[in-house]
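Reviewing the structure listed below.
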Amino acid sequence: MSEDSVAEIRDLRVEVGGRALVDGVSLRVPPGKVVALVGASGSGKTTTGLALLGEYPAGARVSGEVRRAPGAVGYVPQHPGAVLHPALRVGVLLRDIARAHGRDRDDLRQALADARLPEGEALLRRYPHQLSGGQQQRIVLAQALLPRPRVVVADEPTTGQDPETKRQIAERFAAVAARGIAVVLLSHDLDVVRALADEVLVMRAGRVVESGPAERLWRAPRHEWTRRLLDAEGVPPADGVGRGVGGVLPVGGGGVGRGVGGVLPVGGGGVGCGVGGVLPVDGGGVGCGAEGVPPVEGGGMGCGVDGIPPADGDGIGRPVLEVRDLTAVHGRTPVLRVPRLVLRAGECLAVVGRSGSGKTTLGRCLAGLHRHHDGTVLLDGVPLPRSLRHRDRERLAAVQYVFQDARAAFDEHRPVLDQVARTAVRLRGADAHAARAEALDTLARLGLTGDLPHRRPGALSGGELQRAALARALLARPRVLVCDEITSGLDTVTRRALLDLLAGLPADRPGLSLVLITHDPQTARLAQRTVVVEAGHVTERAPGPLTVCCEVGHKGSRVKSLEGSEAVVRRLGRHRRTRRCP
Amino acid sequence: MSRGRFVLGGLVVAVPLALALLGPLFAGPPGPRSVSFALGEGHWLGTDFVGRDVWRQVLLGGRTVVVTALAATALGYLVAVPVGLLAALTHARWLEELLMRPLDVLLAVPSLLLILLVAAAADPGPVGLALLVALVNVPDAARIVRAAAGEAASRPAVEALRMQGESWWRVAVSYVTRSALRTLAADAGIRLTGVLYLVSTAAFLGVGAAPDAADWAVMVDRNRTGLFVQPWAVVVPAVLIVGLTTGVNLLFDAALEKKGRARS
Amino acid sequence: MSPGSFVARRLLLGAAQTAAVVLLVFALTEALPGDAAVALAGDQPDPARIAALREALELDRPAHERLADWAAGLLHGDLGTSLTSGRPVTRYLADGFGPTLLLAGLTLALLVPLGFGLGVLAARRAGGALDRLISSVSLAVYAVPEFALGVLLVTVFALRLAWLPPTAVGYGTDLLGHPAALVLPVLVLLARPVCSLSRLVRAGMVDALAAPYTAHARRYGVPERRILWWHALPGAAAPAVQQLARTADWLLCGVVVVEALFVIPGLGTVLLNAVAERDVPVVQGLAVVFGVVTVVLNLGADLVAHRLTPRAGAAA
Amino acid sequence: DSSGDTDPKNTRRGGRLRAAFAGGGASETLDPHKANLFADAARAKALYDKLADFGADLSAQPRLAEKWEPNKTLDRWQVTLRQADFHDGKPVTARDVLHSYRRIADPKQAFRARASLEPVDLDASRAVGDRTVEFVLKRPTAEFPNVLAAFGAYIVPEGADDFDRRPVGSGPFRFVSFAPGRSALFRRFDDYWEGAPHLDELEIVVANEESARVNALLGGQVEYAHELNPTTARAHQGRGQIEMVRLRGSAMQAFCMKTDRPPFDDKRVREAFFLIADRKELVDGALSGAGQIGNDLFGMGYEYYADSLPQRTQDLDRARALLKKAGAEKLRVTLDTSAVAAGFTEAAGIFRDQAAKAGVTVDVRMGSKDSYWSDILDSGTLCCYRSGAMPIEAHISQRLLTDSTTNATHWRHADFDALYRQAQSTRDKTERAALYERMQRRLYAEGGFLIWGFADWIIGTVKNVKGVEANAPANTLDWARFDKVWLA
Ligand SMILES: Nc1ncnc2c1ncn2[C@@H]1O[C@H](COP(=O)(O)OP(=O)(O)OP(=O)(O)O)[C@@H](O)[C@H]1O
Ligand SMILES: Nc1ncnc2c1ncn2[C@@H]1O[C@H](COP(=O)(O)OP(=O)(O)OP(=O)(O)O)[C@@H](O)[C@H]1O
Ligand SMILES: [Mg+2]
Ligand SMILES: [Mg+2]
């Protein structure tokens with residue numbers, strides 16, 4: 001190993017069943033530097049990252065060299081849910097790590113703070129399932145930082161985080177690197193990469209297609225694929241969602257910036273979220289008043305809300321799903337209050353908010369997965385059974401939910417294709433053969449081709465599974481599709497394609513309503529309306545493209561988070577530079 | 001390695017199984033009785049507690065063991081698995097209590113006593129005995145199933161399967177049971193042995209098989225007094241039973257290991 | 001549901017269960033051929049004498065009346081008196097309880113570390129020679145009936161080597177004063193549960209050790225021991241704990257073979273005799289004890305299982 | 001040989017003998033009148049005395065009674081007590097005897113010995129002075145001494161009713177401690193009328209499992225183990241570790257046919273069954289050879305036994321012919337058995353196979369062992385049967401008369417009853433013997449008891465136990481008699 005690297009991979013090839021997951025990858029990680037791996041979903045980032053830890057898929061044939069300096073390694077896995085023991089309070093492992101590495105309580109507290117878990121100590125007493133996706137991710141991050149490792153391999157450490165938290169985490173990583181710790185960052189989040197990376201490797205189909213110092217790479221990407229990756233970022237959906245809803249393009253004319261480029265993604269004006277031109281904010285739109293505040297709506301709570309034009313032929317515009325007086329609890333703690341929320345046919349609703357604010361809980365309430373709640377969820381004006389166990393096929397099919405943790409939501413014993421196809425069989429009565437064909441087709445449209453669908457979930461990458469999970473829900477031909485962070489594991493190009501697909505859906509399936517729970521501005525931009533969840537309260541609403549950028553954490557402010565993070569990044573950059581050259 | 005395990009388990013189980021299944025074909029007619037617990041005199045494994053040829057009894061005595069024990073175990077599981085799964089998968093507390101608490105009542109009565117008491121009230125016959133032994137095993141097995149399935153039943157994968165409208169059976173059997181398979185196999189393998197001896201003790205108490213039936217477990221039990229005079233009458237059937245149950249368990253292990261390997 | 005109310009409800013249900021156990025046992029003993037009078041008459045079944053005995057024992061009263069009387073007494077903490085000897089049932093229980101508790105306690109104290117230890121060890125080396133050895137030996141021991149094992153151990157250690165007393169005959173209840181006499185019974189008692197427990201632990205542990213959360217704890221250099229016992233075991237323990245509760249129950253309710261083989265007059269012997277004598281009040285008293293023990297043990301096991309599947313309440 | 005050596009020169013005084021018996025669990029008492037099991041009898045024998053007891057040939061031997069004298073009509077007996085003391089120093093008197101017998105006969109208590117005392121009119125009986133009792137009988141009873149020797153007819157001090165605390169008797173040992181179902185400890189009673197025992201202490205411990213008794217014996221935890229398996233005896237015989245004492249003729253083994261029910265109401269069928277049994281095979285198989293073959297008569301070796309009758313052997317052809325004559329070809333009967341006594345289930349299985357050779361199908365039915373005796377008394381047609389030692393007269397009176405209480409063969413014949421009554425009113429012993437022989441011939445020819453064997457009772461002792469009498473069927477005087485035993 002070279003003197004100045006804490007970890008090194010040379011010419012790594014990992015082969016499973018004759019297929020190379022990773023081929024010819026070389027990589028050097030100098031201390032105090034951030035080496036980022038970017039690339040398409042399924043391109044081999046996780047495989048490479050795990051190789052650094054000396055771990056390979058079962059039955060893999062490995063060649064090449066992997067070296068690591070002795071000492072602790074931190075690892076932030078892509079699916080934190082899988083590595084958190086379901087029956088142990090999250091504090092147990094953290095304390096064990098602290099003990100194993102001679103860290104004391106203060107160090108632990110520090111690690112929690114570094115991982116942006118200020119309320120950490122209270123969370124330590126919780127079981128993993130009592131944490132939100134983002135909180136789980138920050139817990140594993142804290143685990144990684146706690147032993148003061150020589151190198152941290154962070155696989156998508158920011159996917160589940162809201163922009164503000166993401167910014168803070170990025171800041172922490174910078175600080176960590178500044179302490180001389182090497183960071184291997186595997187990420188789709190180019191903002192974070194851009195903000196942190198000293199060196200970037202771009203991967204595709206198991207190979208490193210381009211690598212080099214970050215600045216150079218951003219400035220002058222050489223490889224075609226890199227360029228596509230960078231270009232795809234921030235490009236608006238190829239086609240407006242609005243098309244289905246009265247032909248109004250939802251995206252403002254203003255070029256949606258390449259995030260960091262400083263261009264604000266603020267839509268120009270014509271945000272066509274309304275149905276038939278009516279902005280949903282007024283009338284019977286999104287009735288998300290604060291607690292106790294009666295819905296801003298004129299005409300009572302009925303579904304045929306006044307002020308909304310009658311539905312057109314397809315029923316588009318008619319409220320499909322309505323939430324009334326919903327209070328969801330975990331144990332005895334109320335975690336979500338929604339006095340009123342209406343979702344219309346053909347509409348796309350984004351749900352944004354800080355990590356742990358209750359977005360997933362909202363989605364699960366709609367889907368009948370979280371039955372501990374008061375209030376009602378109405379489908380076509382008829383209350384839906386609280387638990388999906390009591391929903392019949394039709395109603396199950398009507399409201400589908402795509403799980404935030406795709407890996408946990410699959411049966412690890414059966415091939416993905418079988419599982420995806422079952423939806424059509426069970427919920428639509430399709431015959432097995434047709435269901436398989438349809439599943440294959442849908443999966444292919446999501447970029448999952450070849451033998452991939454025939455593998456078991458364990459042999460799929462995070463992003464691939466995420467898409468499979470979406471396919472599974474789509475096969476139900478739902479009327480309401482709740483997508484919980486379905487783009488978090490996708491590279492810009494794939495995400496783009498996926499969003500295009502989603503955007504195109506209403507065309508194929510008139511009346512399909514989407515609820516997109518997301519932290520990703522680009523994804524949220526797909527929506528005509530945005531709901532902000534803050535600390536369990538649905539506190540803000542505004543036309544889609546605007547709110548996405550809201551920094552929710554700051555009361556009332558509408559600072560664009562991306563800009564904010566950009567600012568931070570710049571500042572960080574300076575900071576680091578100064579630190580390095582005293 | 002895995003193959004080696006299969007071979008080991010297979011070998012250990014093959015002898016008793018072959019004897020059990022084919023033995024009766026070779027048993028031939030009963031010879032005259034001799035003194036009980038005699039050695040020699042044309043009986044190459046000696047005689048048993050009533051002076052019959054042990055080898056002939058061994059040849060005859062496997063089938064009932066294998067059939068009754070397997071049937072009773074299988075039967076017990078046939079009830080216990082659905083009950084345990086239902087309890088694990090339901091949200092309705094009352095349903096779980098309704099399923100499990102009455103079974104707990106059965107647990108408080110020692111199984112032999114239960115068999116004795118029920119059998120004394122009405123002679124159940126061999127089939128009835130298998131049922132009874134199965135029944136005695138249900139509460140116990142159901143609890144293990146419930147415990148083993150509990151964790152798997154609360155995984156998001158199950159939620160996802162429900163979301164897909166999967167039938168209860170499919171969720172329960174193809175996912176939850178499969179996740180708990182290793183534990184269930186271990187339990188079943190052990191239960192098999194317990195059942196075997198329960199049947200034989202019951203026979204001695206006058207339930208089911210005749211107390212001098214040709215049955216390995218009955219032989220072990222009834223010939224025990226002669227252990228020091230004529231050990232073969234106990235040792236041979238006992239070794240066969242040991243082989244049978246150990247072999248079955250090792251085969252389970254091997255099969256699961258292979259599967260585990262195929263998966264990960 | 002909070003654990004407190006869970007326990008309270010289960011205890012309430014437990015009272016009902018115990019009542020059900022008592023009823024069941026009463027019904028079954030009543031259904032048995034013969035009664036205390038017949039049993040007392042033994043091989044002199046003079047019908048006149050049986051009739052007289054029946055009258056003396058008040059067995060001629062209807063069953064429900066006797067049960068009601070007995071239950072009324074129970075409410076005052078009175079378990080009644082034995083039909084056969086006229087002594088209070090509590091004395092039967094008290095006499096039998098000591099040895100049983102001692103045996104059960106000792107066995108459990110050894111069983112838990114041994115069963116879990118062997119199971120974990122086998123799981124760590126799953127598929128290896130050690131695993132095979134542990135599995136084969138414990139399974140083989142399991143398949144050997146208790147009496148045979150007992151006779152074997154006695155022959156070797158008591159009669160051939162004369163290291164230990166062959167039985168506890170004549171030691172009465174003072175078993176603690178003769179610890180050597182406890183060694184063999186405890187060994188025999190251990191033989192089977194060790195196997196069943198370790199097999200279940202092994203099964204659970206093989207899965208738990210292969211789980212990603214275990215691998216994750218390893219990555220951070222958490223000591224192997226800690227990983228085994230704190231990180232892997234909880235995922236594997238629920239069935240094993242159920243099994244353990246069953247074993248404890250079995251140890252308390254009737255380790256008849258061992259009691260007979262080593263002449264330890266515990267509850268199992270009391271039960272067998274009482275059933276043989278159709279001594280209904282004693283059988284009933286034992287049913288209460290067994291009912292309560294079972295309820296408490298099962299509740300304990302369920303609480304552990306509950307604790308080990310915290311997600312159960314939240315999942316859809 | 002450990003038995004029979006009673007030469008006082010060789011005896012040694014002192015030591016504690018621990019004797020293991022199968023027992024009755026926590027319900028055991030020291031109330032001698034409640035005695036039911038062998039362990040009860042052994043404990044009672046140590047603590048108490050009867051007026052008489054049975055010798056090896058089951059004739060009554062005087063014990064506390066010094067002598068007995070009937071009147072002419074044999075319905076009034078004068079019994080003189082010997083000079084003997086209870087453990088508390090008080091003498092045994094006629095009043096104690098009457099108290100004990102009245103206690104036994106109390107209808108409320110339903111003690112086992114009550115049936116044996118049935119001939120005695122206790123209200124009319126009285127004490128004639130301190131040491132003489134006059135028993136008034138309801139009818140002539142030539143065999144009245146058998147009543148005095150009856151199982152459980154022990155003499156306790158007047159007024160004694162609580163035997164849980166410091167029971168007092170006149171037996172060779174006095175009470176020290178007792179834990180029901182576990183052990184009873186006794187100490188030598190120095191003023192015993194027959195001379196103090198050799199042992200200092202006697203402890204009777206309970207071990208229900210046979211192998212436990214053997215192991216305790218082999219391991220030196222007990223010196224005497226009662227009721228061992230023939231197989232165990234075979235395993236240890238002559239090995240030099242322990243001594244085996246076989247008490248011959250202790251238990252009659254039989255199948256019992258209900259003579260008033262088809263098919264056994266036809267005496268040809270009964271005879272056919274007598275001929276089906278291969279007694280040697282039964283003894284070898286069911287008793288492991290530890291016994292003698294029987295000749296369908298009770299009491300081999302006892303007083304009045306008709307040993308002139310030819311030994312019956314298996315004759316399947318004749319049996320088949322008899323069955324044919326009786327129209328009972330392809331006969332199918334159910335044989336009731338149970339694990340209530342050693343050898344029962346085995347005998348049933350063996351007999352089933354033997355019967356099959358004569359074309360008779362026997363279905364063996366296992367019954368509950370706790371209620372077996374009462375069940376077979378009136379139900380079924382064929383069952384396994386066993387009896388401990390008792391005088392032949394008692395066997396007849398309890399089991400073979402029209403008004404017998406435990407007439408398991410339903411043998412009810414007025415002429416037979418008359419014969420018995422005649423015997424009881426006959427003073428002359430040889431005449432009586434002739435009458436008994438007539439009765440036995442009848443039973444031999446057409447009775448309901450298929451008595452195929454007499455089992456040995458096997459006792460194991462360690463080598464230094466001396467004075468254990470071998471010629472003493474179970475329940476007789478010298479059986480379980482520890483005052484004559486010493487530790488060499
Ligand atoms: N155990 C396995 N067996 C076979 N193929 C596998 C296995 N694990 C992963 N793969 C495949 O290897 C490829 C690389 O997977 P990897 O998880 O490294 O991708 P990734 O770059 O991390 O993707 P993502 O961004 O979606 O997480 C994927 O196509 C995946 O399907
Ligand atoms: N059992 C529980 N007890 C108490 N609080 C809980 C429990 N389960 C979840 N929570 C809390 O409920 C809140 C809402 O969680 P939810 O998963 O809905 O958040 P989220 O908005 O989806 O966050 P993320 O973006 O990180 O996924 C979180 O703060 C979480 O910690
Ligand atoms: Mg990945
Ligand atoms: Mg979430």
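The figures here come from the full heavy-atom set of this structure, side chains too, leaving out hydrogens, waters and symmetry mates. To find a chain, count down the sequence lines: A is the first, B the second, and so on, and within it residues start at 1. All values derive from a computational prediction rather than experimental measurement.
If you tally non-hydrogen atom pairs under 4.5 Å between each of Pro147(A), Pro149(A), Ala144(A), Pro128(A) and chain C, the highest count goes to Ala144(A). Each of Glu55(A), Gln130(A), Arg99(A) has some count of heavy-atom pairs under 4.5 Å with chain C, and the biggest count is that of Glu55(A). Top candidate by heavy-atom pairs under 4.5 Å with chain A, chosen from Ile227(C), Leu308(C), Val222(C), is Val222(C).
Both the backbone and the side chain of Tyr75(A) have a heavy atom closer than 4.5 Å to some heavy atom of chain C. Interface remark: Ala72(A) contributes no atoms to any contact with chain C (heavy atom separation under 4.5 Å). Within the 4.5 angstrom heavy-atom criterion, no atom of Ala367(A) approaches chain C. In this structure, chain C has heavy atoms under 4.5 Å from both the backbone and the side chain of Pro86(A). If you measure heavy-atom distances from Leu93(A) to chain C, the contacts under 4.5 Å come from both the backbone and the side chain. Proximity to chain C is limited to the side chain of Pro77(A), based on heavy atoms less than 4.5 angstrom apart.
At distances below 3.5 Å, at least one donor-acceptor pair connects side-chain atoms of Ser138(C) with backbone N or O atoms of Ile134(C).
Counting only N and O atoms by type, the side chains of Ser135(C) and Arg199(C) include a donor and acceptor under 3.5 Å apart.
Note that Arg472(A) lies in the cation-pi zone of Phe410(A), set by a 6.0 Å cut-off to the ring centre and a 45° limit from the axis.
For His370(A) and His330(A), the distance between ring centers is under 6.0 angstrom.
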Checklist entry - Stepwise, does the side chain to side chain contact (heavy atoms under 4.5 Å, CB included) test hold for Val14(A) with Thr48(A)? => result CA-CA 9 Å; Val14(A) 179; Thr48(A) 310; over 6 Å; no
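Under the 4.0 Å criterion applied to side-chain N and carboxylate O atoms, Asp484(A) and Lys359(A) are not assigned as salt-bridge partners. A salt bridge between Asp131(C) and Arg124(C) is absent, with no side-chain N of the basic residue lying under 4.0 Å from a carboxylate O of the acidic one.
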